[in-house]
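The shown structure was predicted, so the numbers you read here are calculated from the model rather than taken from an experiment.
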There are 2 protein chains.
Amino acid sequence: MTDNADNALNALYPVLAALPAAANQRLQQHAQVVSVPAGAVVFDELQACQGFPFVLSGSLRVVKAAPNGRELPLYRVTPGETCIISSACLLGHAPYNARGIAETETRLLLLPNADFQALLGEAAFRDFIFQLFSERIADLMQLIEEVAFRKLDQRLAALLLGKGQRLHVTHQQLADELGSVREIVSRLLKGFAEQGLVALSREQVDILDPAGLRRVAAG
Amino acid sequence: MTDNADNALNALYPVLAALPAAANQRLQQHAQVVSVPAGAVVFDELQACQGFPFVLSGSLRVVKAAPNGRELPLYRVTPGETCIISSACLLGHAPYNARGIAETETRLLLLPNADFQALLGEAAFRDFIFQLFSERIADLMQLIEEVAFRKLDQRLAALLLGKGQRLHVTHQQLADELGSVREIVSRLLKGFAEQGLVALSREQVDILDPAGLRRVAAG
DNA sequence: GGGCGTCTGTAACCTTGGTTACACAGCCTG
DNA sequence: CAGGCTGTGTAACCAAGGTTACAGACGCCC
């Protein structure tokens with residue numbers, strides 16, 4: 001690991017900076033910086049988990065892939081966060097059960113399995129992982145609720161909210177985010193537009209009536 | 001806590017038996033045995049998490065409840081296991097995001113929040129929780145895959161498998177297990193019967209062709 | 001045996017969301 | 001300007017699953 005990456009790492013993951021010298025040294029000796037281009041598949045279903053990734057820059061999108069090629073986004077991993085799927089795989093000695101894709105050009109610090117396990121011996125690090133575990137669990141529960149019970153218009157309305165008044169996205173991108181297809185999103189957006197909730201233009205959605213959208217989202 | 005419960009607890013949760021004397025004493029002083037009847041709601045969505053439950057006997061069914069009253073089972077907690085939702089809530093100081101129901105008459109040992117946190121100071125206990133966390137994550141991933149991508153006939157076929165050759169269940173119970181409704185399960189079972197995969201009778205499903213069912217389940 | 005509650009069978013109908021198949025608009029580039 | 005690419009609009013059709021509404025079957029208990 002370069003000094004440069006080391007600095008970035010400690011800034012992003014304060015918990016590492018606080019580690020005892022020995023642990024830190026071990027990390028520096030064995031961790032490996034890799035850079036992956038946008039769109040690259042960093043890990044995939046059924047694949048054995050090779051190491052634990054810290055995200056230095058860029059971001060990972062973790063998705064569940066359907067047999068027919070569609071994908072349902074589970075969560076994102078941004079710098080300073082970690083990937084619970086990776087933790088779970090390493091801890092449970094199980095293969096991955098989701099796919100990790102670099103959203104943009106992404107730099108990762110890959111920590112080999114054995115060193116990750118050793119790092120878990122440090123109380124501070126263990127607590128850090130624990131904390132992220134429990135946050136993600138809540139996210140996953142939310143996701144289960146959405147896919148099992150919510151209709152697509154509700155989910156779309158929710159997706160549009162909380163990202164400012166003007167969104168620069170294509171219908172396809174929205175569809176991907178929902179695990180659906182472009183035509184349906186277009187259809188629903190048209191409905192929203194007819195109700196005066198949004199205004200549509202190329203690669204752009206303007207929120208006209210946030211309260212109305214919230215009402216739709218709430219079902 | 002009674003000596004009796006103490007013995008049961010240590011037998012079911014070996015990790016507790018191995019705790020230092022001080023921790024064990026604290027647990028015995030503050031933990032409280034409660035007994036709940038079958039069907040009782042032990043915790044519910046949006047409710048603050050009062051304590052951490054160890055299951056002594058019986059079992060909990062943890063479900064996500066839909067606005068319309070239907071429920072999707074997430075997982076079960078049997079004696080010797082723990083409830084990650086509870087862990088996640090206590091760790092993240094968030095309210096519950098699912099409902100826990102006693103499947104049968106169930107005895108729980110409830111550990112207050114503060115004592116749970118203290119117990120996490122013990123490396124062995126922390127590892128125990130960690131391990132269960134990662135196992136459950138895999139389950140939840142599996143569930144997401146099912147509800148998002150699998151059709152109901154595939155899920156039903158999978159549900160029927162691996163429980164022996166003759167099942168004593170009502171269609172309603174199967175529907176509940178899938179988060180669906182009775183009529184659809186009846187319709188699908190009829191289809192299975194017509195293909196010679198199963199034989200149906202009152203409160204009973206006989207598996208005639210496991211391999212065929214497995215094929216259906218695989219899609 | 002008669003009445004009641006539970007379980008099952010089944011048909012008609014509806015909603016949601018996905019699929020297929022285009023048309024067209026805007027824009028960039030050779 | 002032509003040609004091509006990307007994004008959007010839209011309609012017809014389809015499949016899955018849920019809803020409604022019954023009817024009959026079986027078992028149990030009075």
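One can place CZ of B/Arg155 at 15 Å from P of D/dA16, the figure rounded to the nearest angstrom. The nearest whole Å value for the distance from the CG atom in B/Asp176 to the C1' atom in D/dG18 is 15 Å. The distance from atom CG of B/Leu156 to atom P of D/dG18 is 12 Å, rounded to the nearest whole Å. Protein atom CG of B/Leu72 is 11 Å distant from nucleotide atom P of D/dG18, rounded to whole Å. The interatomic distance linking A/Leu189 (CG) with D/dG9 (P) rounds to 8 Å, in whole Å. Atom CG in B/Leu174 sits about 16 Å away from atom C1' in C/dG9, given to the nearest Å.
In summary, the side chains of A/Gln172 and A/Asp176 do present a donor paired with an acceptor at a separation below 3.5 Å, with no hydrogens or angles considered.
Applying the salt bridge (charged side-chain N to carboxylate O under 4.0 Å, His left out) criterion to B/Arg61, with sequence neighbours excluded, gives B/Glu71, B/Glu103. The side-chain hydrogen bond (donor to acceptor under 3.5 Å, both in side chains) test applied to A/Thr78 returns A/Glu81, not counting sequence neighbours. Remark: B/Glu45 engages B/Lys64 in a salt bridge (charged side-chain N to carboxylate O under 4.0 Å, His left out) (not counting sequence neighbours). With sequence neighbours left out, A/Ser35 forms a side-chain hydrogen bond (donor to acceptor under 3.5 Å, both in side chains) with A/Glu105. Under the salt bridge (charged side-chain N to carboxylate O under 4.0 Å, His left out) criterion, A/Arg215 pairs with no residue, sequence neighbours left out. Every salt bridge (charged side-chain N to carboxylate O under 4.0 Å, His left out) that A/Asp44 has, sequence neighbours left out, goes to A/Arg99. Taking the side chain to side chain contact (heavy atoms under 4.5 Å, CB included) definition, one finds that A/Leu132 meets it with A/Thr82, A/Phe128, A/Glu135, sequence neighbours left out.
For residues 145-195 of chain A, there are no ring pair (Phe, Tyr, Trp, His ring centres under 6.0 Å) pairs, not counting sequence neighbours. The stretch residues 36-78 of chain A participates, sequence neighbours left out, in these ring pair (Phe, Tyr, Trp, His ring centres under 6.0 Å) pairs: A/Tyr13-A/Phe54, A/Phe43-A/Tyr96, A/Phe52-A/Phe54, A/Phe52-A/Phe116.
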* Does the pair A/Leu72 and A/Leu143 meet the rule for a side-chain contact (heavy atoms from CB on, under 4.5 Å), with working shown? -> CA-CA 10 Å; A/Leu72 179 71; A/Leu143 180 65; 4.3 Å; yes
* Structure fact -> Under a 4.0 Å heavy-atom criterion, the protein footprint on nucleotides 13-21 of chain C, written with B, S and -, is ---SBBBBB
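Within residues 198-209 of chain A, the residues having any heavy atom under 4.0 Å from DNA chain D are, by residue number, A/Arg202, A/Glu203. Contacts between residues 157-171 of chain B and DNA chain D, counted as heavy-atom distances below 4.0 Å, involve no residue at all.
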